[in-house]
2 protein chains.
Amino acid sequence: MPVQAGRASEEIALQVEAAIVNGRLAPGGRLPSEREMQSQFGTGRGVIREAIKILQQKGLLEVRKGAKGGAYVRQLDVGNVSESLALFLKQHPMEPEKVIEFRESLDRTITQLAIAHAEQAEKDELLKEALRLEAMLLEDEPDLIDASELDRQLNIKLARMARNPLFEWVMHALQMGFSSHDYALYEDRTYRIKAGANWSNTARAIANGEIMRALAYNGHHYVLLRQCIDEKAAPASAPNTGFLQEDNH
Amino acid sequence: MPVQAGRASEEIALQVEAAIVNGRLAPGGRLPSEREMQSQFGTGRGVIREAIKILQQKGLLEVRKGAKGGAYVRQLDVGNVSESLALFLKQHPMEPEKVIEFRESLDRTITQLAIAHAEQAEKDELLKEALRLEAMLLEDEPDLIDASELDRQLNIKLARMARNPLFEWVMHALQMGFSSHDYALYEDRTYRIKAGANWSNTARAIANGEIMRALAYNGHHYVLLRQCIDEKAAPASAPNTGFLQEDNH
DNA sequence: CTCACGCTTTGGTCGTACCATTCTAGGCGA
DNA sequence: TCGCCTAGAATGGTACGACCAAAGCGTGAG
């Protein structure tokens, strides 16, 4: 059990991670207390704490304090992966066109899969939410924060309807990485009205199982998006700022 | 600067992360030594170390010891995202069909973009490598490790030719997450020969700018993949195992 | 029977000391 | 003068010990 390699904390983290991945430590299970592990591994407590911090950051552990506290094994969710990708995207700003290109490709497949795999109830639900978004965007002074949040949820919902976790994951990550960007676009009144109408048209086509029509509306969404961006880019010539501008604490 | 919130280390980690993402700390830059930060933040050294461990795990920092050592800001690379995804996939095993579905969709777009955007030299290079892979897979006792590595590189190369980093990154992440699977498939002699031939056909079509032909071969790849997986899933009992074994050349 | 208090467990933080590694500068020898 | 080599400084890595804060649990008073 005891270790003496270069970085003891990472070694311990690897051992515990292996135990978790191999199922020897099931989700919900609890690791020994730090002081116990300290003596089990024959190391100082700081090392144990650092190992736990590593696994906590990976999303494998959840730490609670107090009696009956300790490190509990957690079930990973897409949030961790999305967060990782989002962080990466923040460090690698890229032209909006590239993001659009990617999302457009993704969206086409998702739409088709959703039509094929999702329950009718889900499709109706999607339509209902889309109509709600459209109504929201038609108001004189819409709450843009709420609207873009709903937009995000619609995208996630649609991705989930594709019944393939990978699409859901990537869409989730993209939403996290570029949320601020989407928000800015809705400030253009013309765009938001057209986009809202287009969302409900898309959702209606999906609900009716009209694949080609859904894809057409889907494509139209990206036409609108590109038009809007081209207009915004025309006056000022700052191509790739915008993602890093948010400076909150 | 000093903090007193619940988890001091996470608070500090957030502050430093914000500084990095906002560009106040450029990649290659160096953070103060632990003992300096200890006094700057008015906290114990353990807290500083844990904060650094968090950012190190996120891939934002690289720590070197000795004189001129310390925490250096790192440029994130896809490796971190891939690692995160791989871990997630380990805890959430999903049907190969879902992965294939996703990759197939991605591959179609990548192929089209690559034909449209890549230089002719790159396309020729791709073809050359594909031919090398095909020759490799035709050997009696091919080195499957090398072959699957080359396969991975081909996929990455093609993704890079699409001139959109997002495709490259996602493809990279997928390759890392499923490397073991790919390797196993090449053990099937029939599959690896057909797949090798198909790779060079695809690359040739791309080099010639024949979009539809390239997409056809691309689709064929996934037909082969699904056949191979289906056979492995349903061993010996299938009535047609016999004639699928014979080679086609 | 209920509620509050205090005890126990356990993570969170601080401080110090010492070790291991790495770079640097200055001295010593050829 | 040039080059190697060693001593020292800077810095992360580890250990130990102490105390604080939160959270659960049990017991005793009302």
Side-chain angles (χ1 to χ4, degrees), chain A residues 1-17 19-20 25-75, chain B residues 1-17 19-20 25-75:
Chain A
M1 281 298 170
V3 297
Q4 77 280 10
R7 334 216 178 267
S9 57
E10 298 180 13
E11 177 64 25
I12 292 179
L14 281 180
Q15 284 192 28
V16 176
E17 177 177 336
I20 293 176
L25 283 171
R30 175 172 167 275
L31 268 61
S33 78
E34 294 178 356
R35 291 169 176 86
E36 263 181 72
M37 297 180 74
Q38 173 181 3
S39 60
Q40 276 187 29
F41 283 96
T43 175
R45 192 169 155 218
V47 172
I48 302 294
R49 283 186 61 79
E50 286 178 14
I52 289 179
K53 266 283 181 287
I54 291 177
L55 297 176
Q56 195 181 3
Q57 173 54 35
K58 282 194 182 186
L60 283 170
L61 292 182
E62 178 195 353
V63 178
R64 294 197 285 266
K65 57 181 170 182
K68 293 289 178 180
Y72 288 81
V73 179
R74 231 180 66 143
Q75 184 84 342
Chain B
M1 281 295 171
V3 297
Q4 77 282 8
R7 333 203 183 269
S9 58
E10 299 181 12
E11 178 63 24
I12 292 179
L14 281 180
Q15 283 192 27
V16 177
E17 177 178 335
I20 294 176
L25 283 170
R30 175 171 166 275
L31 268 58
S33 78
E34 295 179 355
R35 291 172 177 84
E36 261 181 75
M37 296 180 74
Q38 172 182 3
S39 59
Q40 276 188 29
F41 284 95
T43 174
R45 192 169 156 219
V47 171
I48 302 293
R49 284 186 61 79
E50 286 177 14
I52 290 179
K53 266 283 182 287
I54 291 177
L55 297 176
Q56 195 182 3
Q57 173 55 35
K58 282 194 181 185
L60 284 170
L61 292 182
E62 177 194 353
V63 177
R64 294 197 285 266
K65 54 182 170 180
K68 293 287 177 182
Y72 288 82
V73 179
R74 233 179 63 143
Q75 184 84 340

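Lettering of chains follows the sequences in order, A, B, ..., and the numbering in each one begins at 1. Predicted model only: the values in this text are computed from it and were never measured.
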TODO: State which of D:dT14, C:dT24, D:dG24 makes the closest approach to the side chain of B:Lys68.
DONE: C:dT24

Task: Nearest heavy-atom neighbours spanning A:Leu55 and A:Ala13 - done: CD2-O, 3.7 Å

Open item on the list: If I take atom OH in residue B:Tyr72 and atom C1' in nucleotide D:dT11, what distance separates them, rounded to the nearest angstrom?
Closed with: 10 Å

Open item on the list: Within the 4.0 Å heavy-atom criterion, would you say B:Gly44 contacts the bases, only the backbone, or no part of the nucleic acid?
Closed with: sugar-phosphate

TODO: Indicate yes or no: does A:Glu62 engage A:Arg74 in a salt bridge with an N to O separation below 4.0 Å.
DONE: no

- [ ] For B:Arg7 and D:dA21, give me the distance from atom CZ to atom P, rounded to whole Å.
- [x] 15 Å

TODO: Please report, rounded to the nearest Å, how far the P atom of C:dG11 is from the CG atom of A:Leu55.
DONE: 14 Å

TODO: For the pair A:Leu60 and A:Val73, evaluate side-chain contact (heavy atoms from CB on, under 4.5 Å) and give the outcome as yes or no after the intermediate values.
DONE: CA-CA 6 Å; A:Leu60 283 170; A:Val73 179; 6.0 Å; no

- [ ] Would you kindly give the CZ-to-P distance between B:Arg64 and D:dT11, to the nearest whole Å?
- [x] 13 Å

TODO: Could you check how far CZ of A:Phe41 sits from P of D:dC16, rounded to whole Å?
DONE: 16 Å

TODO: Using a 4.0 Å heavy-atom cut-off across all strands, classify A:Gly70 as base, sugar-phosphate, or nothing.
DONE: sugar-phosphate

Open item on the list: If you apply the rule side-chain contact (heavy atoms from CB on, under 4.5 Å), what do you find for B:Glu10 with A:Lys53, and how did you get there?
Closed with: CA-CA 10 Å; B:Glu10 299 181 12; A:Lys53 266 283 181 287; 4.2 Å; yes

Task: Rounded interatomic separation in angstrom, taking CD from B:Glu10 and P from C:dG12 - done: 8 Å

TODO: Report the distance from atom CZ of B:Arg49 to atom C1' of C:dG15, rounded to the nearest whole Å.
DONE: 15 Å

Task: Upstream residue (5' side of DNA chain C) when B:Glu50 and B:Arg35 are each assigned their closest nucleotide - done: B:Glu50

TODO: Please determine, for the side chain of A:Ala8, which listed nucleotide (D:dG12, D:dT14, C:dG11) has the closest atom?
DONE: D:dT14

- [ ] Classify the side chain of B:Arg45 and the base of D:dG13 as holding, or not holding, a donor-acceptor pair under 3.5 Å.
- [x] yes

Task: From CA spacing to verdict: side-chain contact (heavy atoms from CB on, under 4.5 Å), A:Val16, A:Ile52 - done: CA-CA 9 Å; A:Val16 176; A:Ile52 289 179; over 6 Å; no

Task: Which residue lies more 5' along DNA chain D, comparing A:Gln38 with A:Ala67 via nearest heavy atoms - done: A:Gln38

Open item on the list: What is the separation between atom CZ on A:Arg30 and atom P on D:dA23, rounded to the nearest whole Å?
Closed with: 15 Å

